[in-house]
Amino acid sequence: EDQVTQSPEALRLQEGESSSLNCSYTVSGLRGLFWYRQDPGKGPEFLFTLYSAGEEKEKERLKATLTKKESFLHITAPKPEDSATYLCAVPNQAGTALIFGKGTTLSVSS
Amino acid sequence: SQTIHQWPATLVQPVGSPLSLECTVEGTSNPNLYWYRQAAGRGLQLLFYSVGIGQISSEVPQNLSASRPQDRQFILSSKKLLLSDSGFYLCAWSDTYGYTFGSGTRLTVV
């Protein structure tokens, strides 16, 4: 069964304290790994798509990396506005839809 | 540019009442459309997807149904709501670049 597992479930950081979020997946024949940001009461907002091991993408304080079995979302010197739930997803085996992890809820305090 | 509209934003319905949530997409033709549900403490669960008018695939057995009467319109319905239908419902569309989500509907069944 295709699965996506994210850790930790929750992460509390001080402003400026860098850390990483993890996403591991079991689907074979990966056709992309997606990262989304979700604010409370809103729909997920697209951040990155990674397609091959070794690929990296950056956006402001966020950098996503991909290996053969997992992806990391690195947050460098976070600010309070980075507080959100970060979701990871991969296409299912049939390629018909995305399978999501449960997300990591990040809280950054000043 | 492509946009996705979803309404209503919040809804409180009594058990046993009907449900109709609507989603429309602008700026694209023949999109793949999706309904996801996000319950507290759980990840996004795929409910239905559609690759064209009248073509609906259901991912999980449930009290809900979906219809696609027009190319860019996707409707989620129920004849009689259950308490377990409460959750955050998200519509999404996809193209070769990824998936874009609507703003969601918070449904509370009382």
Side-chain angles (χ1 to χ4, degrees), chain A residues 1-10 21-27 30-52 55 57 59 64 66 71 73 84-106, chain B residues 1-11 21 23-25 31-52 55-60 66 68 74 76 86-108:
Chain A
E1 180 183 340
D2 300 335
Q3 281 196 326
V4 179
T5 303
Q6 291 188 247
S7 62
E9 291 185 12
L21 283 54
N22 176 263
C23 171
S24 62
Y25 57 91
T26 60
V27 62
L30 184 68
R31 283 167 285 187
L33 185 138
F34 297 76
W35 281 101
Y36 286 85
R37 168 189 170 131
Q38 186 176 25
D39 292 303
K42 297 189 177 181
E45 175 186 344
F46 172 76
L47 292 174
F48 306 107
T49 307
L50 303 167
Y51 289 101
S52 57
E55 187 176 0
K57 287 191 177 177
K59 180 180 181 179
L66 182 66
S71 175
L73 185 65
T85 297
Y86 291 86
L87 300 170
C88 169
V90 299
N92 59 12
Q93 195 70 42
T96 52
L98 289 182
I99 304 170
F100 282 84
K102 294 183 179 180
T104 295
T105 299
L106 173 66
Chain B
S1 64
Q2 302 91 347
T3 56
I4 181 168
H5 302 280
Q6 191 178 343
W7 68 92
T10 60
L11 193 59
L21 302 180
C23 170
T24 59
V25 180
N32 289 345
L33 296 173
Y34 309 84
W35 280 110
Y36 282 86
R37 178 171 60 198
Q38 189 173 37
R42 299 184 62 180
L44 274 76
Q45 179 188 32
L46 177 66
L47 301 177
F48 301 95
Y49 71 91
S50 171
V51 298
Q55 301 179 63
I56 308 295
S57 295
S58 173
E59 288 295 303
V60 292
R68 186 170 176 174
F74 205 21
L76 183 69
S86 294
F88 191 49
Y89 288 82
L90 289 157
C91 179
W93 71 278
S94 70
D95 62 9
T96 54
Y97 301 103
Y99 291 67
T100 301
F101 286 83
S103 54
T105 295
R106 173 70 60 188
L107 172 66
T108 303

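Values reported hereafter were calculated over all heavy atoms of this structure, with side chains retained and with hydrogens, waters and symmetry mates removed. All chains are named by letter (A, B, ...) in the order of the sequence lines, taking the proteins before the strands, and each is independently numbered beginning at 1.
Other residues, nucleotides and ligands contribute over 12 non-hydrogen atoms within 6.0 Å of the CD atom of B:Q55.
Under the side-chain hydrogen bond (donor to acceptor under 3.5 Å, both in side chains) criterion, A:S7 pairs with no residue at all, not counting sequence neighbours. With sequence neighbours excluded, the residues forming a side-chain hydrogen bond (donor to acceptor under 3.5 Å, both in side chains) with B:Q38 are A:Q38, listed by chain and number.
Put simply, the side chain of A:P44 reaches to within 4.5 Å of the side chain of B:L44, judged on heavy atoms.
Expressed to the nearest 0.5 Å, how far OH of B:Y99 lies from OG1 of A:T49 amounts to 10.5 Å. We find the CG-CZ distance between A:L87 and B:F101 to be 8.5 Å, quoted to the nearest 0.5 Å.
Interface remark: A:Y51 contributes side-chain atoms only to the contact with chain B (heavy atom separation under 4.5 Å).
The two residues A:T96 and B:Y49 make their nearest non-hydrogen contact at CG2-OH, 3.3 Å.
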